[in-house]
Student: 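Below is the structure I would like to discuss, written out as structure tokens.
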Amino acid sequence: MQGRADRMLADLKSAGLKLTPQRIAIVREIADDVTHPTAQALFERLRSAFPTMSFATVYNTLDALASCGLTSTLKLGGAVRFDPNAEPHHHAVCDGCGTVVDIEPSPGGAITDLSGFRVLREERIYRGLCDRCIS
Ligand SMILES: [Zn+2]
Ligand SMILES: [Zn+2]
């Protein structure tokens with residue numbers, strides 16, 4: 001079975017991006033990361049394996065993934081977070097520890113008609129406390 005990382009790499013390649021070892025590592029790092037990391041967080045994680053890698057390489061690769069529709073981005077408190085889940089979904093954000101989790105949209109729950117505005121997708125952010133922060 002083909003994993004998400006392999007599909008992303010194949011799509012990036014057909015979008016004309018050269019798959020360097022650094023880019024491959026970045027894609028593998030984000031593909032299964034459900035924590036919605038920032039580019040900075042991914043950069044810091046990969047730096048030990050790729051000491052010569054620049055932040056721009058990380059950012060530009062993530063940006064290319066987002067422009068190809070392979071990831072989505074989430075702006076939270078001024079920081080852009082990257083999300084390997086490109087399907088429309090909502091997020092729950094913990095005010096205690098900053099954890100962000102995906103919430104599947106309930107079928108039929110979306111607003112589809114706003115006068116003077118065409119709704120393409122709906123992204124809600126729920127704020128509260130996660131299990132760990134409650135206890
Ligand atoms: Zn929490
Ligand atoms: Zn998400």
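Numbering of ligands and ligand atoms starts at 1, following listing order.
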Student: Distance-only criterion, 3.5 Å: show the donor-acceptor pairs between side-chain atoms of residues 48-59 and protein atoms not counting sequence neighbours.
Tutor:
| from | atom 1 | to | atom 2 | distance (Å) |
| --- | --- | --- | --- | --- |
| Ser54 | OG | Thr57 | N | 3.3 |
| Ser54 | OG | Thr57 | OG1 | 3.0 |

Student: Quick one: angle Cys97 SG - the Zn ion (ligand 1) - Cys94 SG, to the nearest 10°?
Tutor: 110°
Student: Which atom pair, heavy atoms only, marks the closest approach of Arg45 to Glu29?
Tutor: NH1-OE2, 2.9 Å
Student: How far apart are the closest heavy atoms of Leu9 and Arg28, and which atoms are they?
Tutor: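 Result for this residue pair: CD1-NH2, 3.8 Å.
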Student: At the Zn ion (ligand 2), what angle lies between atom OD1 of Asp102 and atom NE2 of His89, rounded to 10 degrees?
Tutor: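 My answer is 90°, to the nearest 10°.
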Student: The Zn ion (ligand 2) is nearest to which N, O or S atom of Asp83?
Tutor: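 This turns out to be OD2.
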Student: To the closest 0.5 Å, what do you measure between NE2 (His89) and CG (Asp102)?
Tutor: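 One finds 3.5 Å between NE2 of His89 and CG of Asp102.
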